**Q** 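Before we start, here is the structure in question, set down as structure tokens.
Just so it is clear, the model here is predicted, and its values are computed rather than measured. Numbers here are sequence positions counted from 1.
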Amino acid sequence: GRGLQIEAPIATPWMWLAAAGRGTVAYDPVILTFQVSGPGTDAASAITTPLLVLAIVVVLGLGMLALRAGADVRELLPVLVLGLVTGLIAFNKVGSPQFMTWLAVPVVAALSSGVRTRTRVPVVLSLVLAGLTQTIYPYLYPGVFGLQPAMLVVLTVRNALVVALFAWALARAVVLARGPHGEGVRGAPARVWSTRGGSNERSGR
């Protein structure tokens, strides 16, 4: 029954509307959080739960297809976890700053999997998201609920990167679901980074 928390990615358009005088930000003393209201916020709040379910179904469905296509679980699992985590953040009506700590799990899983392919994007974006979130809360949080343009820009960039990271995870899961591409495929040698000489070497599972 709660409304849209001001930090939630889905609330971002209404934060800008509120800054333009077409909505309001108010503190809810019952659930102890700032929420934004304006034209369409009730509908947006109501649709978040179906979107969360859809995101989970899509990610898990791609995971099942990737397994059937022979994807290496060591590469697939971090991608699926990243998709689930970012999906649960991107389509949530709540936007608590501690949500960003969840990104550590898929990032660490990817870095420790032994399959060093395509981990730069999630690692870099996760660090940027952590830095932006630390900027927003707690230090400059009054600027967010005070609808200061500079802080709304920071909030918008942070939320857009969450959606971008979710899209990256989906795109990577689609690639894995399409079948063997010569690396990280079950039953074939996995390509890992060599610990000597800085070049790639092949090793069996």
**Q** Taking all atoms of both residues into account, what is the closest heavy-atom pair of Ala8 and Asn92, and its distance?
**A** CB-O, 3.3 Å

**Q** Is a donor from one side chain sitting under 3.5 angstrom from an acceptor on the other, for Glu7 and Tyr141?
**A**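 Yes, a side-chain donor-acceptor pair sits under 3.5 Å.
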
**Q** Distance check, rounded to the nearest 0.5 Å: Arg158 atom CZ versus Thr133 atom OG1?
**A**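 Atom-to-atom, Arg158:CZ and Thr133:OG1 are 4.0 Å apart.
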
**Q** Would you give the length of the straight line joining atom CG of Leu76 to atom CG of Leu65, rounded to the nearest 0.5 angstrom?
**A**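 Atom-to-atom, Leu76:CG and Leu65:CG are 10.5 Å apart.
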
**Q** Say whether Leu77 and Ile56 are linked into one hydrophobic cluster, either directly or through other cluster members, by side-chain heavy-atom distances under 4.5 angstrom.
**A**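 Cluster IDs for Leu77 and Ile56 match.
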
**Q** Could you measure the distance from the CG atom of Asn159 to the OG1 atom of Thr12? Nearest 0.5 Å is fine.
**A**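 Going from CG on Asn159 over to OG1 on Thr12, the span is 3.5 Å.
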
**Q** Quick one: pull up CG in Leu4 and CD1 in Ile6 and give me the separation to the nearest 0.5 Å.
**A** 11.5 Å

**Q** Please identify each residue that fulfils ring-ring contact (aromatic ring centres under 6.0 Å, His included) with Phe34, with sequence neighbours left out.
**A**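 Counting only residues at least two positions away or on another chain, Phe34 forms a ring-ring contact (aromatic ring centres under 6.0 Å, His included) with Tyr27, Phe145.
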
**Q** To the nearest 0.5 Å, what is the distance between CG on Leu62 and CZ on Arg178?
**A** 10.5 Å

**Q** Verify the neighbour count for atom CG of Leu60: are there more than 12 heavy atoms of other residues, nucleotides or ligands below 6.0 Å?
**A**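 Atom CG in Leu60 is packed in, count exceeds 12.
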
**Q** Under the side-chain contact (heavy atoms from CB on, under 4.5 Å) test, which residues partner Val157, sequence neighbours left out?
**A**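 Expected list: Leu132, Val153, Leu161.
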
**Q** Considering non-hydrogen atoms only, spot the tightest contact between Ala44 and Thr48 and give its length.
**A** O-CG2, 3.2 Å

**Q** Following the transitive rule for hydrophobic clusters with a side-chain heavy-atom cut-off under 4.5 Å over Ile, Leu, Val, Met, Phe, Trp and Tyr, establish whether Val105 and Val73 coincide in one cluster.
**A** yes

**Q** Distance only, no hydrogens: is a donor on one side chain within 3.5 Å (strictly under) of an acceptor on the other, for Thr156 and Trp16?
**A** yes

**Q** Considering only residues two or more places apart or on different chains, which pairs with a residue in residues 55-94 satisfy ring pair (Phe, Tyr, Trp, His ring centres under 6.0 Å)?
**A** Phe91-Phe166

**Q** Any donor-acceptor pair under 3.5 Å linking the side chain of Ser45 with the backbone of Arg2?
**A** yes

**Q** What distance do Asp28 atom CG and Gln5 atom CD have between them, rounded to the nearest 0.5 Å?
**A**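 If we round to the nearest 0.5 Å, Asp28:CG and Gln5:CD are 10.5 Å apart.
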
**Q** Quick check on the hydrophobic clustering: are Val163 and Ile89 connected, directly or via other members, by side-chain heavy-atom contacts under 4.5 Å?
**A**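 Result: no, two separate clusters.
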
**Q** May I ask you to decide if Val123's main-chain N or O and Ser126's side chain share a donor-acceptor pair within less than 3.5 Å?
**A** no

**Q** Against Pro106, only a single residue in Val79, Leu165, Val81, Leu84 fulfils side chain to side chain contact (heavy atoms under 4.5 Å, CB included); can you say which?
**A** Val81

**Q** Between Leu170 and Leu54, is there a shared hydrophobic cluster once you connect ILVMFWY residues whose side-chain heavy atoms come closer than 4.5 Å?
**A** yes

**Q** Which of these passes side chain to side chain contact (heavy atoms under 4.5 Å, CB included) with Leu82: Val121, Leu125, Leu103?
**A**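 Going through the options one by one, the only one that passes is Leu103.
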
**Q** Do you know the tightest heavy-atom contact between Val162 and Leu129?
**A** CG2-CD2, 3.7 Å

**Q** Any idea which heavy atoms bring Ala177 and Ala69 closest together, and the distance?
**A** O-CB, 3.5 Å

**Q** Nearest heavy-atom pair of Thr119 and Ala110: which atoms, and what distance?
**A** CG2-CB, 4.0 Å

**Q** Heavy atoms only: give me the nearest Ile10-Lys93 pair and the separation to one decimal.
**A** CG2-CA, 4.5 Å

**Q** With the 4.5 Å side-chain cut-off for hydrophobic clustering, are Val85 and Val128 part of the same group?
**A** yes

**Q** Take Gln35 and Val25 through the test side chain to side chain contact (heavy atoms under 4.5 Å, CB included) and record every step on the way to the result.
**A** CA-CA 6 Å; Gln35 299 184 158; Val25 170; over 6 Å; no

